[in-house]
Structures are given as structure tokens and as C-alpha cells.
Amino acid sequence: MNVPPMKHYLQFNDLSADEYNYLFSRAALIKGKFKSYEKYHPLADRTLAMIFEKASTRTRVSFEAGMYQLGGSVVHLTTGDSQLGRAEPIEDSARVISRMTDLVMIRTYEQSKIERFAAHSRVPVINGLTNEFHPCQILADLFTYIEHRGSIRGKVVAWVGDGNNMANTWLQAAELLDFTVHVSTPSGYEIDHAVAGVQHGSSSCKVFKDPMQACAGADLVTTDVWTSMGYEAENEARKKAFADWCVDRDMMAVAQPDALFMHCLPAHRGEEVEAEVIDGPQSVVWDEAENRMHVQKALMEYLLLGRVD
């Protein structure tokens, strides 16, 4: 077992293409063990601390169930029962929590907060979601695509909707894994290329004003809610701005005949996606949701144990 130096997973480009290829293969193996009820406890006696400043369903269940399935244990913290960012500086919380646990997952608002925590942590820190990035979700989305269609290299992913943390992370993944993202967002809700760390004019990102054009020829069409957590005050304005960015049957019809549809959930049928699409035969959203657990198990194993033969 070749245990690498301690590293964090704060955004998608924290790992290399080679490391992702390894994680995808490990996730498939670990998922196979889960499906065959084969006990696999490589993280026995290891503890994961989960810190939630943003509420969650899928993130909590996938990390908590996954860690238990790997033989470890979990400590669940929220801002209501911890001092994170309140009476105690983040740096001090990091020093204390990382002395008592083996791994920390944080779901919070500003990326700067998780970076400050990681800078003072003695154990690996995983980004469970920030305003800027959602690497674990894109890790699951890519694994889901590979399961259904094989390699994503050279393929086209259409992103329809908000230029948010998901969109930023898709751009990072495209640069690293050699595919293209067609981005279509309403005016005023564009991707900030500086945040994503991807230059304007990059061959991995093409921007379209018309979402139909973005979907044309796409191998995967994906979207997210129009109003992400923390932006609720903008909800009514966003509903008006995003009215033409609902992924519907017409958008799927101009994509490749075997194109997949993904959504990180929760979904609002009739807003960002038509019910006929998310509940239709091209949708793989339930596989995608389950795969959060499997890829995160592979990720936790890798961060703690390195490459396992």
C-alpha cells in the first residue's frame, strides 16, 4: 500500500487525471462489493467528522452510510452544536477536530472558509459543497456517465442554467479529463471563469446564449436548481430570468440520441427540468444520486490509505 502525502480535496483540480482514473476503478470495485453484500472494512477504527453549515440530505446520507460501510465511524456536527466560525476561530476548530478524527468533510458557504480550515488541519479535508465548488457531485456524475456510456474523453456535456458551483466544477473537470462543456446561462448569471480557474477561450468550454444550441449534439445534458441554497432572496427574480432555461423534451431531442440527463437534486419539476425529462428513459439521476456514496467511499479510502492493490 503506497500511502501518499496528506492531501485535501477542496476542488476538482486538486487531483490529477491519473488519480481520477484510479478512483473510478476503485469506485466500481467498491460498488460491486456493496451490491454483493461483501463486507469490506478498510477504514476500521477511522473516524470521519462531518461539519454542516448548509443543510443536506444526499451529502449526509452518502458520507455517513459510506463511512460505516467501510468499517469506520462518524461524528456529525452542525453550527448549532459546534463552535465553528462563532466563538472560536476556524483555525482553532481545525486544530482541535483534526487531532481527534482521521478525516473531515465540510459543507459550507464560502470556499475561503474550508481553505482556512484545511490549512490548519492535520488530516485530509473534503469539500462536501461550497458556494464556489461541488467536486464530490461531479465525481459522482462522471462515474455515472462512465458506467452507462464508457469514457467521457472527447464527449460534450451541456450545462443549462445557473453559472454556479456545479458549473465551475464541470469546467475544471473538462480541462483535466479532456472533454467539452457547452454552457448556457441567462444574462447576469454567467460562469465566473476566474473562480473556476479556467481561461476565457479555453477549448474545453464553449458558451451559448441559446440553451438549444448548447444541447445540440451533446452526450450529456445536465442542470441544477435555479436558486441554490443561500440565494433564496433572489428566487422570484431568478424564476423570471431562467424561464427559457428549463431542460425539456425539445432540448433532449437535439442532443445525441443516446444522450443522458443528470441533475444533482433536489429537483423542481416544471422549473429547471420538465417532468418528462427527469422521469424519462434518458434520465440517470437515481444512479447518479446513489453513486455519490460509492465514489466518496473510494475517495475516503484513497485519502487515508493511498492506492490499494
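No experiment lies behind these values; they were computed from the predicted model shown. Here, residue 1 is the first one in the sequence, and each next residue gets the next number. These numbers come from the heavy atoms of this one structure, side chains and all, not from hydrogens, waters or symmetry mates.
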(message) Can you tell me how far apart OG1 (Thr59) and CD1 (Ile126) are? Round to the nearest 0.5 Å.
(response) 11.5 Å

(message) Whether the Asn168 and Gln172 side chains hold a donor-acceptor pair (N or O, under 3.5 Å, no angle test) is what I'd like checked.
(response) no

(message) Would Tyr145 and Val284 count as a side chain to side chain contact (heavy atoms under 4.5 Å, CB included) here? Give the steps.
(response) CA-CA 9 Å; Tyr145 185 88; Val284 291; over 6 Å; no

(message) The test is side-chain hydrogen bond (donor to acceptor under 3.5 Å, both in side chains); show your working for Tyr40 and Glu301 and say whether it passes.
(response) CA-CA 11 Å; Tyr40 181 59; Glu301 179 192 66; 2.4 Å; yes

(message) If we ignore hydrogens and angles and just use 3.5 Å, is the side chain of His182 paired with the main-chain N or O of Cys215 as donor and acceptor?
(response) no

(request) Consider only side-chain heavy atoms of I, L, V, M, F, W and Y, link residues closer than 4.5 Å, and tell whether Met67 and Leu139 are in one cluster. (result) yes

(message) side chain to side chain contact (heavy atoms under 4.5 Å, CB included) for Ile114 and His8? Distances and angles first, verdict last.
(response) CA-CA 10 Å; Ile114 197 171; His8 305 297; over 6 Å; no

(request) Taking the side chain as every heavy atom from C-beta outward, state whether Met212 and Met251 have any pair of such atoms under 4.5 Å apart. (result) yes

(request) Could you give me the CA-CA distance, side-chain angles and deciding distance for Glu115 and Gln11, then say whether side chain to side chain contact (heavy atoms under 4.5 Å, CB included) is met? (result) CA-CA 10 Å; Glu115 290 175 351; Gln11 49 185 292; 4.1 Å; yes

(message) Could you report the tightest heavy-atom contact between Leu299 and Cys136, atom names first, then the distance?
(response) CD2-SG, 4.1 Å

(message) So does Ala259 get a backbone contact from the side chain of Gln282, meaning a donor-acceptor N/O pair under 3.5 Å?
(response) yes

(message) I need the Leu176 CG to Ser16 OG distance, nearest 0.5 Å.
(response) 7.0 Å

(message) So which atom in Leu142 and which in Ala173 form the shortest heavy-atom distance, rounded to 0.1 Å?
(response) CD1-CB, 4.1 Å

(request) Give a yes or no on whether Phe143 and Leu220 share a hydrophobic cluster (residues Ile, Leu, Val, Met, Phe, Trp, Tyr; joining criterion: side-chain heavy atoms under 4.5 Å apart). (result) yes

(message) Ignoring hydrogens, what is the shortest heavy-atom contact between Ala298 and Leu23? Give both atom names and the distance.
(response) O-CD2, 3.6 Å

(message) Would the distance check show the side chain of Tyr20 and the main-chain N or O of Phe12 forming a donor-acceptor pair, the cut-off being under 3.5 Å?
(response) yes

(message) Within the structure provided, determine whether His263 and Asp224 are in side-chain contact (heavy-atom separation under 4.5 Å).
(response) yes

(message) So, taking the atom named CZ in Phe24 and the one named CG in Asn291, what distance separates them when rounded to the nearest 0.5 Å?
(response) 10.5 Å

(message) When you measure from the centre of the six-membered ring of Phe52, is the NZ or CZ of Arg60 closer than 6.0 Å and no more than 45° off the axis?
(response) no

(request) Would you name the heavy atoms of Ala118 and Leu10 that are closest together and state the gap between them? (result) CB-CD1, 3.8 Å

(message) Restricting to non-hydrogen atoms, name the atom on Val277 and the atom on Ser283 that form the minimum distance, rounded to 0.1 Å.
(response) O-CB, 3.4 Å

(request) With the side chain counted from C-beta on, respond yes when Val181 and Thr222 share a heavy-atom pair under 4.5 Å apart, and no when they do not. (result) no

(request) Assess the side chains of Thr227 and Asn235: does a donor N or O sit below 3.5 Å from an acceptor N or O? (result) yes

(message) Any side-chain to backbone donor/acceptor pair from Gln256 onto Gly217? Under 3.5 Å, distance only.
(response) yes

(message) Which label fits Tyr302 and Tyr22: parallel for a plane angle under 30°, tilted from 30 to 60°, or perpendicular past 60°?
(response) tilted

(message) Under a 3.5 Å threshold, yes or no: a donor from one side chain and an acceptor from the other, between Gln296 and Ser62?
(response) yes

(request) Mark yes or no for whether Thr101, through its side chain, and Ile97, through its backbone, hold a donor-acceptor pair below 3.5 Å. (result) yes

(request) State yes or no: do Leu265 and Val221 share one hydrophobic cluster built from I, L, V, M, F, W and Y residues joined by side-chain heavy-atom distances below 4.5 Å, directly or via other members? (result) yes

(message) Treating Thr169 as the side-chain partner and His134 as the backbone partner, does any N or O pair qualify as donor plus acceptor under 3.5 Å?
(response) yes

(message) Is a donor from one side chain sitting under 3.5 angstrom from an acceptor on the other, for Ser73 and Thr47?
(response) yes

(request) Check whether any side-chain heavy atom of Pro266 sits under 4.5 Å from a side-chain heavy atom of Arg58, and report yes or no. (result) yes

(message) Out of the candidates Arg269, Glu274, His268, only one should pair with Glu272 under the side chain to side chain contact (heavy atoms under 4.5 Å, CB included) rule; please name it.
(response) His268

(message) Test your reading of the model: is there a side-chain donor-acceptor pair from Glu147 to the backbone of Glu288, 3.5 Å cut-off?
(response) no

(request) Flag the pair Arg149 and Asp258 as a salt bridge only when some basic side-chain nitrogen lies within less than 4.0 angstrom of an acidic carboxylate oxygen. (result) yes

(message) When you compare the side chain of Ile51 with that of Thr108, does any pair of heavy atoms fall below 4.5 Å?
(response) no

(request) Check whether any side-chain N or O of Ser184 sits under 3.5 Å from a backbone N or O of Phe208 as a donor-acceptor pair, and report yes or no. (result) yes

(message) Let me check something: do Trp170 and Val207 share a hydrophobic cluster, defined by ILVMFWY side-chain heavy atoms less than 4.5 Å apart, either directly or through other members?
(response) no

(message) For a side chain to side chain contact (heavy atoms under 4.5 Å, CB included) check, start with the C-alpha distance between Val157 and Phe179, then their side-chain angles and the critical distance, and finish with the verdict.
(response) CA-CA 8 Å; Val157 175; Phe179 62 93; 3.8 Å; yes

(request) Check whether the ring centres of His294 and Phe34 lie less than 6.0 Å apart, and answer yes or no. (result) yes

(message) Just verifying a value: how many Å separate Met50 CE and Leu103 CG, rounded to the nearest 0.5 Å?
(response) 11.0 Å

(message) Less than 4.5 Å apart, side chain to side chain, heavy atoms only: is that true for Asn164 and Tyr189?
(response) no

(message) Would you compute the distance between atom CG of Leu48 and atom CE of Met105 and round it to the nearest 0.5 angstrom?
(response) 6.5 Å

(request) Give the minimum heavy-atom separation between His76 and Thr78, together with the two atoms involved. (result) CE1-CG2, 3.6 Å

(request) Determine, for Arg307 against Asp18, whether the closest basic-nitrogen to carboxylate-oxygen distance falls under 4.0 angstrom. (result) yes

(request) Please tell me if the side chains of Asn127 and Gln111 come closer than 4.5 Å, counting only heavy atoms from C-beta onward. (result) yes

(message) I'd like to know if the side chain of Ser202 pairs up with that of Glu175 as donor and acceptor (distance under 3.5 Å, no hydrogens or angles considered).
(response) yes

(message) Can a donor-acceptor pair be found, under 3.5 Å and without considering hydrogens, that links the side chain of Asn165 to the backbone of Thr130?
(response) yes

(message) Does any part of the side chain of Arg26, heavy atoms only, come nearer than 4.5 Å to the side chain of Val308, both counted from C-beta?
(response) yes

(request) Starting at CG of Asp141, measure out to CE of Met262 and round the result to the nearest 0.5 Å. (result) 5.5 Å

(message) If hydrophobic clusters are built by linking Ile, Leu, Val, Met, Phe, Trp and Tyr wherever their side-chain heavy atoms come under 4.5 Å apart, do Leu305 and Met300 end up in the same one?
(response) yes

(message) Using only atom types and a distance under 3.5 Å, with no angle test, would you say the side chain of Asp219 pairs donor to acceptor with the backbone of Val156?
(response) yes

(request) Please check if any side-chain donor atom of Lys113 sits under 3.5 Å from a side-chain acceptor atom of Asn131, or the reverse. (result) no

(message) Taking atom NZ as the centre, does Lys54 end up with more than 12 heavy-atom neighbours from other residues, nucleotides or ligands that are less than 6.0 angstrom away?
(response) yes

